[in-house]
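Reading through the C-alpha cells given below for one structure.
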Amino acid sequence: MTLLPLGCAASDVTAPDGQSGFSASQCRLKDVSFVGVYVPGSKDLIDVPWKTTECSNTSIHALRVGPVHTVR
C-alpha cells in the first residue's frame, strides 16, 4: 500500500485482557502502558498508548494484528 502525502492508515489490534486462559504461573500478568509498532516499510519503532494487563510470558502470543488499511 502506498499512502498519499498526509494520508492515514490503520490496523485493528486485539488482545485478550488478563490471563487469556492460562494459569497465573504460566501467564505472569504485567501492567502494560504502550505497544511498540513498526510502520510498514520502516525500521522505526513507534510507542502507541496501550493501557491494559497482559501475560508477560514470551511463549504466549495472544496479540492479534489485522491488515493495514487506509483511513478516509
Side-chain angles (χ1 to χ4, degrees):
M1 166 183 17
T2 302
L3 290 175
L4 296 174
L6 302 177
C8 296
S11 177
D12 295 324
V13 178
T14 58
D17 290 339
Q19 291 181 213
S20 309
F22 296 92
S23 72
S25 63
Q26 289 174 308
C27 184
R28 299 191 303 262
L29 282 176
K30 180 179 180 180
D31 289 334
V32 177
S33 58
F34 69 92
V35 63
V37 176
Y38 287 97
V39 178
S42 174
K43 294 182 181 179
D44 295 331
L45 182 66
I46 299 170
D47 291 337
V48 178
W50 182 271
K51 298 218 180 258
T52 189
T53 302
E54 298 291 342
C55 292
S56 66
N57 185 333
T58 58
S59 66
I60 297 174
H61 305 285
L63 187 70
R64 303 274 186 244
V65 180
V68 175
H69 54 88
T70 57
V71 178
R72 292 185 181 173

- Message: Looking at N57 and Q26, would you say the former's side chain and the latter's main chain have a donor-acceptor pair under 3.5 Å?
- Response: yes
Is there a continuous path of hydrophobic side-chain contacts, each under 4.5 Å between heavy atoms, that joins [X] to [Y]?
| X | Y | answer |
| --- | --- | --- |
| F34 | V37 | no |
| I46 | Y38 | no |
| L63 | L29 | no |
| V32 | V48 | yes |

- Task: Taking all non-hydrogen atoms of both residues into account, name the closest pair between D47 and G36 and its distance.
- Result: OD1-CA, 4.2 Å
- Task: Considering non-hydrogen atoms only, spot the tightest contact between S11 and P67 and give its length.
- Result: OG-O, 3.6 Å
- Query: Do other residues, nucleotides or ligands put more than 12 heavy atoms under 6.0 Å from the CG atom of L45?
  - Reply: yes
- Could you grab the distance from atom NE2 of H69 to atom SG of C8, nearest 0.5 Å is fine? 11.5 Å
- Give, for atom CD of E54 and atom CD1 of I60, the distance between the pair rounded to the nearest 0.5 Å. 10.5 Å
